[in-house]
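Beneath this line is the structure, given in structure tokens, with notes to follow.
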Amino acid sequence: MIVYEATKAEFCQSVFDQTIVDEIYAMFQEKLGRKTSEAEIRSWENSMEFMDKILDDSEIPDDSSVAIEFTIPLTSKRIDFMIAGEDGNKDDSVIIIELKQWDKAEKVEGKDAIVKTFLGGGIRETTHPSYQAWSYTCLLKDFNQTVEEEDLPLYPCAYLHNYHFIDDDPLKDEMYERYYDEAPLYGKGDRQKLRDFIKKYIKYGDESDILCRIDHGKIKPSKKLQDSIYSMLHGNDEFIMIDDQKVVYETAIEMADKSKDDDKKRVLIVEGGPGTGKSVLAINLLAEIINLDMVALYVTKNSAPRNVFFEKLKGGDFSKTYIKNLFKSSGSFTQTEENQFDVLIVDEAHRLNEKSGFFGNLGENQVKEIINSSKFSIFFIDKHQKIAFNDYGSIDAIEKFANEANAEIVRTELISQFRCNGSDGYLSWLDDVLELEETANFDGFGIDYDFRVIDDACELRDLIFEKNQEIDEKTYKKYEARLLAGYCWNWDREGRENTDYHDIRIGDFEMSWNLGNTDTWAIDETSVNEVGCIHTSQGLEFDYVGVIIGEDMRYENGNIVTDFNARAKTDQSLKGIKTFYKTNPDGALKVADEIIKNTYRTLMTRGMKGCYVYCEDMALQTYFKERLENIKH
């Protein structure tokens with residue numbers, strides 16, 4: 001999605017009239033449905049003046065097209081500036097320009113494509129501007145069908161208009177050469193060089209609405225983690241990491257490398273919400289650390305991701321035993337010797353238990369045992385995905401046991417979005433709608449994400465069936481669409497192998513809970529005929545999801561209320577809550593409220609392209625509709 005689009009002549013006139021910032025901001029609010037920071041507005045004021053001076057050249061056609069703030073498909077990132085036209089052969093051509101306000105930077109030894117500069121009130125690590133421009137270009141090629149099918153030439157560069165390059169400048173160190181060769185760097189005093197770069201590729205105007213075609217290009221299906229793991233473990237780059245993802249990855253590799261040479265324990269805490277790339281990074285790190293000849297394991301409490309990955313990998317170059325040993329339960333370390341493993345990578349760390357074993361009677365503490373068992377532990381965590389009463393994992397707990405082990409602790413955060421069409425806005429809107437927290441996105445999510453409220457459970461089922469049969473025009477693969485539900489219906493033992501046995505009944509709607517294939521439900525083709533729960537879907541993703549919200553979440557007296565008594569007796573996620581309620585009613589209600597809302601938030605963020613919702617409580621159904629009607633596009 002392009003925020004601002006105009007011809008070069010129109011852009012330059014707006015800069016001259018001093019209206020350009022107002023025009024960008026007006027379109028920003030209209031298209032993204034929210035306000036932005038003063039810092040971003042100031043950056044527009046500064047950078048657009050510089051770009052006007054760059055484009056003030058008669059050899060750059062007045063009818064070339066300009067785009068400002070182009071949202072990269074399936075991410076929350078935006079390309080600062082694009083200019084399009086035709087080259088000397090009358091072929092389409094697009095320049096991508098990453099704009100920076102920087103005036104100083106430092107190189108960071110031992111971390112690929114990472115530099116230090118002043119950001120957000122302090123000196124921070126971030127990606128090199130050329131890497132950023134190059135990675136954004138790669139993502140556009142990967143996810144925009146118009147760019148791919150028409151083989152549109154994209155030429156990235158970075159313009160640091162306040163930055164004076166010196167001899168032996170850190171940004172032009174040879175360690176970054178592969179990236180500034182792909183995306184040239186321009187700074188203060190390089191106005192003519194940047195002009196020449198633009199004129200090299202754009203000699204005629206945009207006669208075929210290139211940027212408009214890109215803007216309306218179909219989004220290709222995103223690479224799903226479960227479909228890419230085989231290639232990743234063979235060392236192939238399946239995912240281009242951007243910005244904070246790249247920083248976290250390089251930080252983890254640096255810490256792993258250090259842990260080979262000394263006896264110091266290290267702990268990396270990575271906080272991030274749904275779709276920020278936690279699992280992608282975890283698997284990338286597993287593959288790379290193994291390639292560094294270190295012993296590394298991927299650890300989760302939830303068995304579904306582990307078993308999905310096993311199914312994807314078995315039958316290839318790896319033995320079944322080797323694969324099984326790569327993916328471990330969080331309860332596997334009660335008897336492990338200290339530092340037995342080089343690296344343990346813990347995904348969904350918020351799901352860790354205090355004790356291990358089926359009866360919770362083994363070991364002392366899973367967080368403590370993981371830190372004890374490895375020289376270097378990486379914990380990926382999301383405070384909003386605690387979905388069971390016995391979920392123990394928290395940043396406080398990790399830091400407590402890391403300090404007890406005298407470990408070096410590093411905390412990082414993931415923000416970049418790769419799910420829900422990359423919409424930070426949708427996730428923030430959902431937080432506000434579910435009353436998890438008040439957000440700025442109370443009035444919309446400002447991006448092309450297919451969210452609907454469906455009036456009938458049968459209609460919801462039919463819609464998911466329909467989506468599951470749709471075929472992508474480019475890949476000829478069917479979309480993956482699945483039904484999910486809150487745990488408000490008993491999962492009867494007698495029907496666990498029979499789809500004719502219908503656990504879930506709502507009026508004329510009848511379907512089975514997922515059958516005995518709980519571990520591979522997410523990838524089984526027949527799973528569309530079953531309803532999945534939080535335990536078979538957390539940590540995994542689909543193209544579309546249909547979510548049935550049961551009576552455990554209702555709308556009463558102007559607020560969302562939750563009711564743990566409406567949960568099924570077979571649900572283990574709130575086991576112990578009634579006993580807790582007897583001794584501490586307020587505390588029990590608070591914990592249950594958090595778990596139930598987090599459960600639905602997690603279910604409603606499994607779909608990368610869309611989410612459809614049906615509520616048993618009609619007042620809640622009406623509330624969702626009203627919130628949807630109030631969205632400002």
Side-chain angles (χ1 to χ4, degrees), residues 1-15 19-21 23-32 44 47-48 50-52 54-57 59-99 132-159 183 194-195 197-220 421-422 446-448 633:
M1 179 183 64
I2 294 173
V3 169
Y4 171 94
E5 186 177 5
T7 64
K8 171 209 150 178
E10 290 167 340
F11 166 76
C12 292
Q13 186 63 50
S14 293
V15 175
T19 60
I20 186 63
V21 173
E23 291 174 31
I24 296 171
Y25 190 37
M27 296 306 297
F28 185 95
Q29 289 180 293
E30 178 180 332
K31 294 189 175 183
L32 296 184
W44 291 336
S47 296
M48 294 311 119
F50 281 98
M51 287 310 303
D52 174 59
I54 296 295
L55 298 182
D56 187 17
D57 187 309
E59 293 182 37
I60 299 175
D62 281 346
D63 57 349
S64 55
S65 57
V66 166
I68 298 169
E69 303 292 356
F70 174 78
T71 301
I72 304 169
L74 295 171
T75 82
S76 58
K77 298 300 178 180
R78 302 193 301 272
I79 293 171
D80 293 329
F81 201 96
M82 300 168 73
I83 181 166
E86 296 176 344
D87 62 16
N89 296 320
K90 300 288 283 184
D91 293 325
D92 292 339
S93 188
V94 181
I95 307 285
I96 289 174
I97 305 175
E98 178 63 28
L99 299 169
Q132 191 172 0
W134 168 79
S135 64
Y136 286 7
T137 303
C138 290
L139 288 171
L140 196 55
K141 290 177 179 177
D142 282 345
F143 294 123
N144 188 287
Q145 283 193 358
T146 298
V147 173
E148 185 195 42
E149 290 176 356
E150 299 183 17
D151 196 22
L152 284 176
L154 307 178
Y155 303 100
C157 66
Y159 182 31
L194 179 52
R195 275 183 181 172
F197 179 79
I198 294 171
K199 291 190 290 185
K200 179 180 178 180
Y201 298 109
I202 296 180
K203 297 186 179 296
Y204 303 100
D206 180 7
E207 297 183 3
S208 57
D209 293 326
I210 302 166
L211 294 181
C212 183
R213 297 201 323 266
I214 293 175
D215 195 24
H216 291 89
K218 289 185 178 180
I219 297 173
K220 296 197 304 180
N421 272 4
I447 203 165
D448 184 20
H633 294 286

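Just so you know, residue 1 is the first one in the sequence shown, and it goes up from there. Small disclaimer: the values here were computed from a predicted structure and weren't measured.
A search for salt bridge (charged side-chain N to carboxylate O under 4.0 Å, His left out) contacts involving Asp92 returns Arg213, not counting sequence neighbours. The salt bridge (charged side-chain N to carboxylate O under 4.0 Å, His left out) check on Glu5 picks up nothing, with sequence neighbours excluded. In terms of the side-chain hydrogen bond (donor to acceptor under 3.5 Å, both in side chains) criterion, residue partners of Ser65 (sequence neighbours excluded) are, by chain and number, Asp206. Residues forming a side chain to side chain contact (heavy atoms under 4.5 Å, CB included) with Asp91 (at least two apart in sequence, or on another chain): Asp87, Asn89. Listed by chain and number, the residues in a salt bridge (charged side-chain N to carboxylate O under 4.0 Å, His left out) with Glu23 amount to none (sequence neighbours excluded). Residues meeting the side chain to side chain contact (heavy atoms under 4.5 Å, CB included) test with Val21, sequence neighbours left out: Ile41, Trp44, Glu45.
Contact of the Tyr136 side chain with the Pro156 side chain is not registered, since no non-hydrogen atoms from C-beta on lie closer than 4.5 Å. Two residues are said to be in side-chain contact when any heavy atoms from C-beta on lie closer than 4.5 Å; Glu69 and Ile2 fail this criterion.
Taking CZ from Phe81 and CD1 from Ile68, the interatomic distance works out to 5.0 Å, rounded to the nearest 0.5 Å. Between Leu194 atom CG and Lys199 atom NZ the span is 11.0 Å, to the nearest 0.5 Å. To the nearest 0.5 angstrom, Ser64 atom OG is 13.0 Å from Lys203 atom NZ. To the nearest 0.5 angstrom, Thr7 atom OG1 is 7.5 Å from Asp63 atom CG. To the nearest 0.5 angstrom, Ser93 atom OG is 7.5 Å from Ile210 atom CD1. One distance of note links SG of Cys12 with CG of Asp62; it measures 7.5 Å at 0.5 Å rounding.
Across all their heavy atoms, Ala183 and Trp134 have their closest contact at CB-N, 4.3 Å. Across Ser47 and Leu99, no two heavy atoms sit closer than the pair CB-CD1, 3.8 Å.
Although no hydrogens or angles enter the test, the distance criterion places no donor-acceptor pair under 3.5 Å between the side chain of Glu150 and the main chain of Val147. Side chain of Arg78 to backbone of Phe70: no donor-acceptor contact under 3.5 angstrom is found. Side-chain atoms of Lys8 come within 3.5 Å of backbone atoms of Ile60 as a donor-acceptor pair (strictly under, hydrogens ignored).
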Original post:
Yes or no on side-chain contact (heavy atoms from CB on, under 4.5 Å) for Ile54 and Phe197, after CA distance, side-chain angles and deciding distance?
Top reply: CA-CA 11 Å; Ile54 296 295; Phe197 179 79; over 6 Å; no

Subject >> Full working for side-chain contact (heavy atoms from CB on, under 4.5 Å) between Arg195 and Leu55 >> reply: CA-CA 7 Å; Arg195 275 183 181 172; Leu55 298 182; over 6 Å; no

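Taking the centre of each ring, Tyr4 and Tyr25 stay at or above the 6.0 Å mark.
The one candidate from Met48, Gln13, Met51 that meets the side chain to side chain contact (heavy atoms under 4.5 Å, CB included) condition with Ile20 is Met48. The one candidate from Thr137, Leu154, Ile83, Leu140 that meets the side chain to side chain contact (heavy atoms under 4.5 Å, CB included) condition with Val94 is Leu154.
Between Glu207 and Lys90 there is a salt bridge, since at least one side-chain N of the basic residue sits less than 4.0 Å from a carboxylate O of the acidic one.
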